[in-house]
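The first residue in the sequence is number 1, and the count goes up from there. What you see is a predicted model; the values in this text were computed from it and never measured.
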Amino acid sequence: METLALYPGSFDPITYGHLDILERATELFDEVIITIAVNNKKETVFSGDEREALIKECLTDKPWAERVEIQQFTGLLVDFAKERDAQTLVRGVRQVSDFEYEFRMALTNRRLAPEVDTVFLMPNEQLTFISASLVREIAYWDGDLSSFVPNHVAQGLHEKFKDKDK
């Protein structure tokens, strides 16, 4: 039986931490679907299509990329998981505060869909401080993003923020 996991998130933007978790997930599961949450009530820097394109570009040179699919979704994650027959949700946990939030979400998802499990993965320790919100803040102030995101993502962020009033 092939194993299918969803790796959900807003990925606004995708970071080296996200990519590290994704690579770890491809070592555990036969196929991983990066599920980009599209929430019209939440303001994002990049549109769903832009986030999808940035992620695709991140995967171009990865040997495990053929086992990764990217798909946008709106609604409850567990409904999407059932629709795709995914057995597992992959969540990255960087610190204790992440775990507390993710633990509550995992229990809620288990109540809604007992057949879908959640697996927590930790990124490489050098990446534990990276968050998309931190990356957006650095980009807003035109800071160096080279140790946080791939170059094409940094360029996209700087382009988005170049005309912002600061």
Student: Hey, could you give me the CZ/OG1 distance between R110 and T118, rounded to the nearest 0.5 Å?
Tutor: 7.5 Å
Student: Linking I/L/V/M/F/W/Y whenever any side-chain heavy atoms sit under 4.5 Å apart, do V93 and Y101 land together?
Tutor: no
Student: Answer yes or no: is there a side-chain heavy-atom contact under 4.5 Å between V153 and C58?
Tutor: yes
Student: Of all residues at least two apart in sequence or in a different chain, which pass the ring-ring contact (aromatic ring centres under 6.0 Å, His included) check with F11?
Tutor: Y7, H18
Student: Do you reckon W64 sits in the same ILVMFWY cluster as Y16, going by side-chain contacts under 4.5 Å, direct or chained?
Tutor: yes
Student: Taking all heavy atoms of Q87 and all of E2, pick out the closest pair and write down the distance.
Tutor: NE2-O, 3.7 Å
Student: Please tell me if the side chains of T3 and T88 come closer than 4.5 Å, counting only heavy atoms from C-beta onward.
Tutor: no
Student: Would you say the side chain of L22 lies within less than 4.5 Å of the side chain of L59, judging by non-hydrogen atoms?
Tutor: yes
Student: Under a 4.5 Å cut-off applied to non-hydrogen side-chain atoms, are L19 and I14 in contact?
Tutor: yes
Student: Under the ring-ring contact (aromatic ring centres under 6.0 Å, His included) test, which residues partner F99, sequence neighbours left out?
Tutor: F103, F120
Student: Tell me the salt bridge (charged side-chain N to carboxylate O under 4.0 Å, His left out) pairs involving residues 44-53, sequence neighbours left out?
Tutor: E50-K160, E52-K56
Student: Indicate yes or no: at least one non-hydrogen side-chain atom of V119 is less than 4.5 angstrom from one of F29.
Tutor: yes
Student: Tell me the closest heavy-atom pair linking P8 and V90, and the distance in Å.
Tutor: CD-O, 3.2 Å
Student: Side chain of H152, backbone of L54: donor and acceptor closer than 3.5 Å?
Tutor: yes
Student: About how many Å separate CG of L76 and CD of E83, when rounded to the nearest 0.5 Å?
Tutor: 12.0 Å
Student: Flag the pair Q155 / H158 as yes when at least one side-chain heavy-atom distance between them is below 4.5 Å, and no otherwise.
Tutor: no
Student: Any donor and acceptor pair, going by atom type alone, linking the side chain of R136 with main-chain N or O of D12 inside 3.5 Å?
Tutor: yes
Student: Determine, step by step, whether L157 and L145 satisfy the side chain to side chain contact (heavy atoms under 4.5 Å, CB included) criterion, reporting the C-alpha distance in whole Å, the side-chain angles of both residues, the deciding distance to 0.1 Å, and the verdict.
Tutor: CA-CA 9 Å; L157 282 163; L145 295 170; 3.8 Å; yes
Student: Calculate, to the nearest 0.5 Å, the distance between atoms CG and CD belonging to N151 and E57 respectively.
Tutor: 9.0 Å
Student: If every non-hydrogen atom of A81 is compared with every non-hydrogen atom of L89, which pair is closest and at what distance?
Tutor: CB-CD2, 4.2 Å
Student: Within the 4.5 Å heavy-atom criterion, are V68 and K62 side-chain neighbours or not?
Tutor: no
Student: Linking I/L/V/M/F/W/Y whenever their side-chain heavy atoms sit closer than 4.5 Å, directly or via other members, would I33 and L28 fall into one cluster?
Tutor: no
Student: What's the shortest heavy-atom distance between R24 and P123, and which atoms?
Tutor: NH2-C, 4.0 Å
Student: Indicate the ring-plane relationship of F129 and F148, choosing parallel, tilted or perpendicular according to the 30° and 60° boundaries.
Tutor: perpendicular
Student: May I have all residue pairs that pass salt bridge (charged side-chain N to carboxylate O under 4.0 Å, His left out) and include part of residues 26-36, sequence neighbours excluded?
Tutor: none
Student: Side chain to side chain donor-acceptor pair (under 3.5 Å) with N109: which residues, sequence neighbours excluded?
Tutor: none
Student: Any chance you could measure T26, atom OG1, to I21, atom CD1, to the nearest 0.5 Å?
Tutor: 11.0 Å
Student: Is it the case that the side chain of Q71 and the backbone of T35 share a donor-acceptor pair, with hydrogens and angles ignored and the cut-off at 3.5 Å?
Tutor: no
Student: Applying the 4.5 Å side-chain criterion to the ILVMFWY set and letting contacts propagate, would M122 and V32 be lumped into a single cluster?
Tutor: no
Student: Hydrophobic clustering (ILVMFWY, side-chain heavy atoms < 4.5 Å, transitive) - are M105 and L112 grouped together?
Tutor: no
Student: Between R94 and I130, is there a donor-acceptor pair closer than 3.5 Å when you use the side chain of the first and the backbone of the second?
Tutor: yes
Student: What pairs with F46 under ring-ring contact (aromatic ring centres under 6.0 Å, His included), at least two apart in sequence or on another chain?
Tutor: none
Student: What pair of heavy atoms forms the shortest contact from P13 to V149, and how long is it?
Tutor: CG-CG1, 4.4 Å
Student: Got a second to check how far F161's CZ is from Y140's OH, nearest 0.5 Å?
Tutor: 8.0 Å
Student: With heavy-atom distances below 4.5 Å as the criterion, would you say the side chains of V116 and L6 are in contact?
Tutor: no
Student: Keeping the roles fixed (side chain from T44, backbone from S47), state whether a donor-acceptor pair exists under 3.5 Å.
Tutor: no
Student: Flag yes if more than 12 heavy atoms outside E66 fall under 6.0 Å of its CD atom; otherwise flag no.
Tutor: yes
